[in-house]
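Computed over heavy atoms, backbone and side chain alike; hydrogens, waters and symmetry mates excluded.
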Amino acid sequence: MAEASTGDATAGNSPERAMESDSAELIFNDENNIDDMYLTFGVSGEEYGLGIAFVTEIVGMQKVMPVPDVPAFIKGVINLRCKVIPVMDVRRRFDMDEKPYTERTVIIVLDVSAVPIGLVVDNVSDVLEIPLANRPGAEVRIRTFA
């Protein structure tokens with residue numbers, strides 16, 4: 001990333017302007033593209049994606065404390081830096097066969113409406129930029145698990 005410049009941005013001396021003139025690279029602006037970024041992950045050989053704006057962090061699989069009287073797809077809770085975070089097993093939620101966790105199994109911690117939740121997935125693949133123009137017929141759907 002370019003360092004901040006003390007030059008006059010109105011005179012065309014901004015770091016972005018310098019990058020444009022020095023190379024043909026695409027200028028990436030986090031603020032403009034965050035809605036187009038997706039974290040892709042695998043579950044049972046299928047690929048899924050989550051808007052990166054919801055992702056707080058990805059942590060390795062760890063001990064999950066069971067919680068009584070919750071749906072079977074809720075594995076329990078984890079303690080992540082003194083925060084208690086409920087954890088959902090995506091395989092169970094999608095009624096897929098269970099399989100032992102591997103070194104690639106991770107918990108994706110999300111922040112949805114200021115509520116943290118962890119998703120157990122088989123692996124994390126990549127972060128992709130998929131502009132709205134490249135998603136014909138795509139619609140935004142928010143599904144709650146009440």
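- For the atom pair CE (Met88) and CD1 (Ile107), the distance works out to 12.0 Å, reported to the nearest 0.5 Å.
- Residue Val90 is not grouped with residue Val120 when hydrophobic side chains (ILVMFWY) are merged at heavy-atom distances under 4.5 angstrom, including chains of intermediate members.
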Residues 50-74, side-chain donor-acceptor partners within the protein, below 3.5 Å, at least two apart:
unit_1: Glu57; atom_1: OE1; unit_2: Arg81; atom_2: NH2; d: 2.9
unit_1: Glu57; atom_1: OE2; unit_2: Arg81; atom_2: NH2; d: 2.3

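- Between Glu98 and Arg92 there is a salt bridge, with a side-chain nitrogen of the basic residue lying less than 4.0 Å from a carboxylate oxygen of the acidic one.
- Hydrophobic cluster membership differs between Ile117 and Ile78, with clusters built from Ile, Leu, Val, Met, Phe, Trp and Tyr side chains linked at under 4.5 angstrom.
- Residues Leu128 and Thr40 share a closest heavy-atom pair of CD1-CG2, 3.7 Å.
- In this structure, the separation between CD on Glu46 and CZ on Phe41 is 11.0 Å, given to the nearest 0.5 Å.
- By the criterion of side-chain heavy atoms lying less than 4.5 angstrom apart, applied directly or through intervening Ile, Leu, Val, Met, Phe, Trp or Tyr residues, Val112 is grouped together with Ile108 in one hydrophobic cluster.
- Both Ile34 and Val127 sit in one connected hydrophobic cluster of ILVMFWY residues. Membership requires side-chain heavy atoms under 4.5 Å apart, directly or through other members.
- Formation of a donor-acceptor pair under 3.5 Å by the Ser113 side chain with backbone atoms of Val115 is not found in this model.
- Aromatic ring centres of Tyr48 and Phe94 lie closer together than 6.0 Å.
- At least one side-chain heavy atom of Ile85 sits less than 4.5 Å from a side-chain heavy atom of Val109.
- Closest approach of Arg91 and Ser44 over heavy atoms only: NH2-CA, 3.3 Å.
- Counted within 6.0 Å of CG on Asp97, heavy atoms from surrounding residues, nucleotides or ligands total 12 or fewer; the atom is thus considered open.
- Nearest heavy atom pair, residue Ser125 against residue Gly42, reads OG-N, 4.3 Å.
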